[in-house]
Amino acid sequence: MSDIRVRIAPSPTGPLHIGTARTALFNVLFARRHGGTFILRLEDTDVARSTLAFEADILAGLHWLGITWDEGPDSAGGEDHGPYGPYRQMLRLARYAEAAADLLARDLAYPCYCTPDELDADRRVQEAAKQPPRYVGRCAALTPAEREARVAEGRAAATRFRVAPGVIGFDDAVRGRVEIDTANLGGDFVIVRGDGTPLYHFTVVVDDAAMRISHVIRGEDHLSNTPKHILLFRALGHPEPVFAHLPLILNPDRTKMSKRKSRTAISDYIAQGFIREALVNYLALLGWSTGSEEEILSFDEIASRFDLDHVQKGGAVFDPERLEWINGQWIRRLDDDDLAARLGPFLEAEHAAGRIDRTPTADEIRTVLPMIRERLPTLGAVGDLIGFLWVDELTVDPATIVPKRWDAATTATALAAARQAIAAVGDVSFESEEIEPPLRALAERRGWKAGDLFMAIRVAVTGRTATPPLFDTLVALGRDRALARLDAAVAGVVSLVG
RNA sequence: GCCCCCAUCGUCUAGAGGCCCAGGACGCCACCCUUUCAAGGUGGAGAUCAGGGGUUCGAAUCCCCUUGGGGGCACCA
């Protein structure tokens with residue numbers, strides 16, 4: 001195992017986001033490609049917004065995608081494993097406190113007694129003057145006596161890190177050289193809240209240092225914050241990792257992908273019936289490419305090709321249609337048992353929602369696979385596609401049964417004749433090759449276009465104009481039910497004739 | 001307001017000075033296949049490589065400027 005160590009550090013303040021999933025994916029891919037270690041660390045210091053439910057959603061989502069970590073918590077609220085634990089920040093509070101005390105002792109940081117109101121006021125003044133927001137430094141040079149006075153006032157002290165003048169430069173693995181003047185960092189920044197809980201910029205560095213992270217691969221939204229992190233690494237006396245900032249995933253209007261404008265929760269995609277192979281494939285290709293024209297790739301194939309050099313710099317608009325196409329490609333590649341098993345939950349959901357009257361068995365699903373596999377953009381489409389197979393009372397509007405070129409009388413006659421022809425096919429030989437010839441012969445004999453006849457039958461027995469191949473559908477329905485539906489349809493259409 | 005990043009078909013992208021008057025994929029259109037819908041096949045429309053200057057014998061590829069877009073600037077992560 002190489003000494004490459006990367007991590008994903010989600011915050012359990014919301015369900016697993018598409019962007020987090022992709023960042024996690026790029027990190028594992030990088031680790032797997034180079035024989036490194038992939039770590040999962042929970043950044044749960046925002047106690048007000050973090051929940052165990054979100055934590056569970058995130059871990060389950062990553063597991064569902066097939067993303068596994070070498071170090072970190074196994075499950076929500078579960079045990080940590082790995083030599084650098086614990087891997088949830090609320091369990092590492094003592095370390096942050098120690099690091100902060102060290103910084104304080106060396107005067108690299110100082111206690112700040114400013115109240116939120118004071119800070120707000122400062123910000124408003126700066127805004128009015130069209131100045132960039134920045135900490136004014138009110139507490140930067142307090143004497144011991146002045147500090148004691150504020151404490152005596154009962155003011156809580158936050159800890160601020162001193163930002164020294166200078167230019168911070170680093171070689172981003174995807175963007176190249178980046179240099180930022182610390183004068184633009186907004187002044188000394190808070191690393192520990194007044195209540196003693198540490199803040200993100202601080203914990204991320206303390207932990208990345210402690211966990212020996214070698215490459216920080218994250219979203220571009222952290223690019224501007226990187227100098228703060230570098231300053232902290234240096235203050236803590238730890239070598240800086242390599243940084244690699246990935247392009248953002250965008251809404252259709254090219255702003256950072258958000259819940260408001262796009263579907264961002266992985267669980268939504270799972271619920272719609274996207275499969276992990278497709279999501280992984282699609283996400284990997286969002287911002288990265290093989291450099292070749294390969295499109296459909298498995299996790300392992302991607303892992304063997306992955307590199308940071310081919311990561312795009314510009315943001316990428318999330319394109320649901322392309323995802324759906326890739327999903328269809330992967331669904332077609334699944335073997336029967338696998339596909340049937342994955343379809344199960346979706347059919348159960350259809351049943352639970354009352355759209356079908358019973359949940360088909362795995363065997364039943366398997367027999368119907370050949371006629372639906374190429375017609376499923378998502379697993380969730382299965383109900384609309386063949387749900388009619390499992391409804392007891394199919395209600396069909398008679399008017400929809402009449403083909404465009406036909407009138408009701410012709411339709412009634414044709415359906416009745418078709419009913420006879422189908423009934424003539426015995427129960428034992430009720431196969432599509434046995435059903436088709438007599439129906440075609442019937443159409444020819446009466447001068448009907450076969451397509452019209454078939455369409456009338458199709459709508460009569462399924463209630464839809466778009467279905468899997470008709471004869472396979474009739475077989476799947478079974479002779480008795482097919483005939484019963486035909487009878488009902490004839491009656492309906494006859495009533496139309498009046 | 002300040003700082004940083006980015007810029008090839010509508011979208012995802014190939015392209016790392018001549019192989020490019022720019023290739024693939026999604027989507028779109030047409031045709032083929034066909035009982036509908038898909039899938040599949042074939043073909044097509046679609047990008048003066050954001051614009052303008054350079055450098056070079058030669059630039060989508062290098063440099064500069066402009067424009068546009070995005071991100072960041074919290075006692076959020």
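No hydrogens, no waters, no symmetry mates; every other heavy atom, side chains included, goes into these values. Proteins get letters first, then strands, A, B, ... in listed order; numbering begins at 1 in each.
Of all nucleotides listed (B:U36, B:U11, B:A77), B:A77 comes nearest to the side chain of A:Asn225. Nearest to the side-chain atoms of A:Glu321 among the listed nucleotides B:A77, B:C26, B:G71 stands B:C26. With B:G69, B:U13, B:U35 as the candidates, the nucleotide lying closest to the side chain of A:Ala316 is B:U13. If you check B:C12, B:G71, B:A25 against the side chain of A:Glu295, the one that comes closest is B:A25. Closest to the side chain of A:Val178, out of B:C4, B:G24, B:C76, is B:C4. Considering only side-chain atoms of A:Lys313, the nucleotide from B:C5, B:U36, B:C6 that sits closest is B:C6. Each of B:C5, B:A77, B:G15 was ranked by its minimum atom distance to the side chain of A:His310; first place goes to B:G15. Nearest nucleotide to the side chain of A:Ile180, out of B:G72, B:C3, B:C76: B:C3. Among the nucleotides B:C73, B:A77, B:U35, the one closest to any side-chain atom of A:Pro469 is B:U35. Looking at the side chain of A:Thr467, the nearest of the listed nucleotides B:U35, B:U36, B:A77 is B:U36.
Atom CG in A:Leu323 sits about 12 Å away from atom P in B:G27, given to the nearest Å. We find that CD of A:Glu55 is positioned 16 Å from P of B:A77, with the value rounded to whole Å. Rounded to whole Å, atom P of B:G69 lies 17 Å from atom CG of A:Leu248. Per the geometry, CD belonging to A:Glu324 stands 19 Å off P belonging to B:A25, to the nearest Å. Distance A:Asn327 CG to B:G27 P: 13 Å, rounded to the nearest Å. In this structure, NE2 of A:His229 is placed 18 Å from P of B:C4, rounded to the nearest angstrom.
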> With the sugar-phosphate defined as primed atoms, P, OP1 and OP2, and the base as all remaining atoms, what B/S/- string results for nucleotides 38-48 of chain B, 5' to 3', for protein heavy atoms under 4.0 Å?
Replying inline: BSS--------
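Aromatic ring centres of A:Phe170 and A:His229 lie farther apart than the 6.0 Å criterion allows. A ring-centre distance under 6.0 Å is found for A:Phe471 and A:Phe454. A ring-centre distance under 6.0 Å is not found for A:Phe26 and A:Trp288.
Annotation: proximity of residues 123-134 of chain A to RNA chain B (heavy atom, distance under 4.0 Å) is found for A:Arg123, A:Lys130, A:Pro132, A:Pro133, numbered in ascending order.
Side-chain atoms of A:His245 and A:Arg218 form a donor-acceptor pair, as typed in the model, at a separation below 3.5 Å. For the 3.5 Å distance criterion, the side chains of A:Thr264 and A:Ser262 fail to qualify, holding no donor opposite an acceptor. In the model, A:Thr462 has no side-chain atom that pairs as donor or acceptor with a side-chain atom of A:Arg458 under 3.5 Å. In this structure, a donor-acceptor pair under 3.5 Å is absent between the side chains of A:Tyr282 and A:Asp319.
Between A:Asp208 and A:Arg41, at least one side-chain N (NZ, or NE/NH1/NH2) sits under 4.0 Å from a carboxylate O, which counts as a salt bridge.
A:Tyr269 meets the ring-ring contact (aromatic ring centres under 6.0 Å, His included) test with A:Phe274, A:Phe318; sequence neighbours excluded.
Looking at which nucleotide of RNA chain B each of A:Pro468 and A:Pro247 is closest to, the 5′-most match is held by A:Pro247. Closest-nucleotide positions on RNA chain B for A:Leu185 and A:Asp46 were compared, and the one nearer the 5' end corresponds to A:Leu185.
For the pair A:Arg162 and A:Arg160, the minimum side-chain heavy-atom distance is 4.5 Å or more.
Nucleotides B:A39 and B:A45 place their P atoms 23 Å apart, quoted to the nearest Å.
Between the side chain of A:Ser224 and the base of B:G71, at least one donor-acceptor pair of N or O atoms lies under 3.5 Å. No donor-acceptor contact under 3.5 Å links the side chain of A:Arg322 to the base of B:U11.
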